[in-house]
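Everything below concerns the one structure shown next.
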Amino acid sequence: MKPSAPTLTLTQLDQIPVGMTATVCYIEAQTEMTARLRALGIKPGNQISVVRCAPLSGPLQIRAGQTDIILRRTEAAAIHVNPAF
Amino acid sequence: MSKARIALVGMPNTGKSTLFNRLSGASARVGNWPGMTVELEIARLLVGARMVELVDLPGLNNLHGFSEDERIARHFLETQPLDALIVVLNATQIERQLAFALQIKQLGLPLVLVLNMADEAIRRHVLIDREALEKALGHPVCLISAKYGHGTQAVRQALETVLHENAPSSDALQPRSTQIQALLEDDNIELQTTALLAEAVRTPQTPATTYTDRIDSLLLHPGLGIVAFFFILLGLFQIVYSIGAPLQELLGEALEGAKTDWIAPLLAPLPAALTSFLLDGLYDGVGTVATFLPIILTFYLVMSAVEDSGYMARAAFLMDALMSRMGLDGRAFVMQIMGFGCNVPAVMGTRVLRNPLQRRLSMLIIPFSLCSARLQVFLFFTTAVFSPQAAPWVLLSFYVLSFLVAFLTAFIWRGQVGEQEPLVMELPPYRYPTFTYLALQALREAGQFLRGAGGFIIAGVAIIWLLTHLPWGVTPASPQSWAGQIASLTAPLFEPLGINNLLSIALMFGFVAKEVVVGALAVIYGAGPNELAGVVARSMDWRQAYSFMLFTLLYTPCLATLATIRRESRSLKFTLASMAWSVAVAWLASFAFYQIVTR
């Protein structure tokens, strides 16, 4: 499912600074986890943004469309995104 | 005509249960299902001329999810005969939730699609063309606000039509597991969703800044958010226990009054031993159960308000960094704190943790919270034995120990939770909780506590009565009673802790409820209420007193807490194991303390 455009700079969601928007490219997780993220609106092609992160390396707050989601950094690392500059 | 069965399905936070309560009124009850380990809420309602059994299934994200709730809901859909489904979606999030409705549609059952929170959708400029959606989908669609009761009548009508058009068939009985399997990775649904959305839904490109965002910029602020969290927690605690505790006391006094003024004279003609058993055994047992009701009611009112408002998910967000190291999440922290008032509702409150193993871990550590009943014991001993300068510090040390032991226990047993469940959850917008719904919920919880834990508590109180009153004729709780004999048998275990026989009899009373420990001591030492402090101070030094208090803090919660743990965990084995753990920890802690300070 990797997009073929050559200029993409892929990074993991936990590396994205707060306030920035990115496009989901692919998710490197087990089927069930991928399905749950998809159900919450985190799926390839969708734009998501990092709203804030909890203190002491706590979870991230992600906004996908009309839905806000919290997830731990380990889970966020499985989501590969293309930051929109 | 035959009875129809309809299940309510939907993603978490869609207001599914609110709709369930709207449709069912107060007729809901919990029921067990063959082959299923959980209770589900069921209600009977009349739809047109047919009696309908409505089942509320736990929230599920999709048909192949991994959480306990999803497993239960899926299992139900696979195995139980059903005539129709109500699919509830959050209208504001129709963009992502519509795919779920299409997955459910594949099951081939008649269904009604309910788009809840339609009022919120309008505020967020999410526009839905109901008729176009209905036509494209081929199923009735209702736009409602379950919270305010708008549109629920339309849901009933749609149900009636659907049931009328689809006369009961053998299809309702066919297992649907094969269909569910076939749904995995269905890209077709994706395409259908996009087409449907293009046809019937308009969503704003960028979500507008909402009041939720503004509140969160304070409540989820890295520094201020934590401060606010503790203030909110303190506020909740104050509300629950400043309302609940006086009510509990009043009820206790009323029951005590009724006992001496009405029931005792009534029983006077009976033999003394029987009267004592009926009054001090059974009646007090029933009274113990009853006095928990005000606390449980206020606790549930407040806690479901917190959950419905959306703050519970925020607590999970804020405290996750700390709690995830112990295999738990921030919601467990809230329950731990609430346990400082009373362990019973806190254990019931662990239901917000949806993973059963996490719930057990949380139930294992809540009993170490220094509840208000234990506080009474500590206040008595610290003022009787310690100087006024030292007493507050002694008390503080118990609060610190309470936290330490709880967190250490969670840390030790966190491996039992298995691989940590990922934290992936929705952060819902703030919403006003609705009082009628909360009150209904609180009443139902109280009823469940009565049915589930009542018998266990009464039996326990009766057993302790027998131990302290048998053999007939001995002075109750004296060294000659069975309790006294047990105390002298176990003396070798308690001597190294500095706890004498008389005190270990008091500990047996403390097993029932910590509130009665001081009263029991008065009976055991044969001292009046005003002399007891002096008698206790003369009979032990500070080391023995501290060791006794340490043991009291840790050894076992009260019977009501144990009964609640048994009910909530649905496992006697786990309940006994958790008790064994507490007793072992208490013994080790008191032993270590007493041996070190007496060296």
Side-chain angles (χ1 to χ4, degrees), chain A residues 1 3 12-14 17-24 26-81 84, chain B residues 11-13 60-67 70 90-97 99-100 103 120-121 124-126 184-185 190 203-207 212-213 216-217 220-223 225-226 310 313-314 316-325 329-330 420 422-429:
Chain A
M1 265 203 256
Q12 287 153 306
L13 184 59
D14 61 329
V18 167
M20 193 172 271
T21 304
T23 309
V24 180
Y26 65 98
I27 294 164
E28 208 175 3
Q30 291 179 349
T31 330
E32 288 169 341
M33 185 62 177
T34 313
R36 158 104 56 120
L37 289 171
R38 174 181 288 257
L40 286 165
I42 302 179
K43 59 182 177 186
N46 274 18
Q47 289 229 324
I48 58 175
S49 57
V50 181
V51 181
R52 61 168 62 82
C53 46
L56 306 169
S57 303
L60 302 175
Q61 180 185 353
I62 304 296
R63 181 159 298 168
Q66 303 285 324
T67 311
D68 280 16
I69 300 133
I70 57 177
L71 68 168
R72 292 204 181 106
R73 276 158 205 269
T74 42
E75 273 91 51
I79 301 166
H80 294 259
V81 294
Chain B
M11 290 184 165
N13 297 312
L60 69 172
N61 280 303
N62 52 57
L63 283 178
H64 26 265
F66 49 83
S67 78
E70 289 174 321
N90 176 344
T92 56
Q93 299 173 348
I94 188 167
E95 215 180 358
R96 72 169 172 91
Q97 297 203 346
F100 172 78
Q103 280 190 357
E120 203 175 295
R124 288 191 162 215
H125 307 292
V126 176
L184 284 161
E185 298 301 307
E190 198 89 345
T203 45
Q205 275 301 307
T206 42
T212 293
D213 290 323
D216 274 344
S217 62
L220 293 184
H221 185 275
I226 298 280
R314 268 99 188 154
F317 180 78
L318 288 168
M319 298 309 290
D320 190 72
L322 171 70
M323 297 303 280
S324 66
R325 292 188 172 84
D329 74 36
Q420 190 159 30
L423 178 84
V424 180
M425 60 189 277
E426 196 197 333
L427 196 69

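A note on names: the letters A, B, ... follow the listed sequences, proteins ahead of strands, and every chain is numbered from 1.
Contact of L60(B) with chain A is not made at all, since no heavy-atom distance falls under 4.5 Å. With a 4.5 Å cut-off on non-hydrogen atoms, Q61(A) touches chain B through its backbone and its side chain both. Proximity to chain B (any heavy atom under 4.5 Å) is shown, for I62(A), by neither the backbone nor the side chain. Of the atoms belonging to T212(B), not a single heavy atom falls under 4.5 Å from chain A. Both the backbone and the side chain of F317(B) come within contact range of chain A, with heavy atoms under 4.5 Å apart. For a residue to count as touching a neighbouring chain, one of its non-hydrogen atoms must lie under 4.5 Å from one of that chain's; by this rule M319(B) does not touch chain A.
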message = Test side chain to side chain contact (heavy atoms under 4.5 Å, CB included) on N46(A) and R96(B); report intermediate values, then the result.
response = CA-CA 11 Å; N46(A) 274 18; R96(B) 72 169 172 91; over 6 Å; no
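Among the candidates I69(A), L71(A), L56(A), L40(A), the residue making the largest number of heavy-atom pairs closer than 4.5 Å to chain B is L40(A). Comparing T203(B), V126(B), N13(B), N61(B) by how many heavy-atom pairs each has under 4.5 Å with chain A, the most go to N61(B). Among P59(A), P55(A), A76(A), the residue with the largest count of heavy-atom pairs under 4.5 Å with chain B is P59(A). Ranked by heavy-atom pairs under 4.5 Å with chain B, the first of A64(A), G58(A), C53(A), A54(A) is A54(A).
Between R52(A) and D213(B) no salt bridge is recorded (no basic side-chain N to carboxylate O distance below 4.0 Å).
Shortest non-hydrogen contact noted between Q93(B) and Q66(A) is NE2-O, 3.7 Å. Across all non-hydrogen atoms, the minimal contact from V424(B) to R36(A) is O-NH1, 2.9 Å.
How far CZ of R63(A) is from CG of L427(B): 9.0 Å, rounded to the nearest 0.5 Å.
Crowding of Q12(A) atom CD: a count of heavy atoms from other residues, nucleotides or ligands under 6.0 Å exceeding 12.
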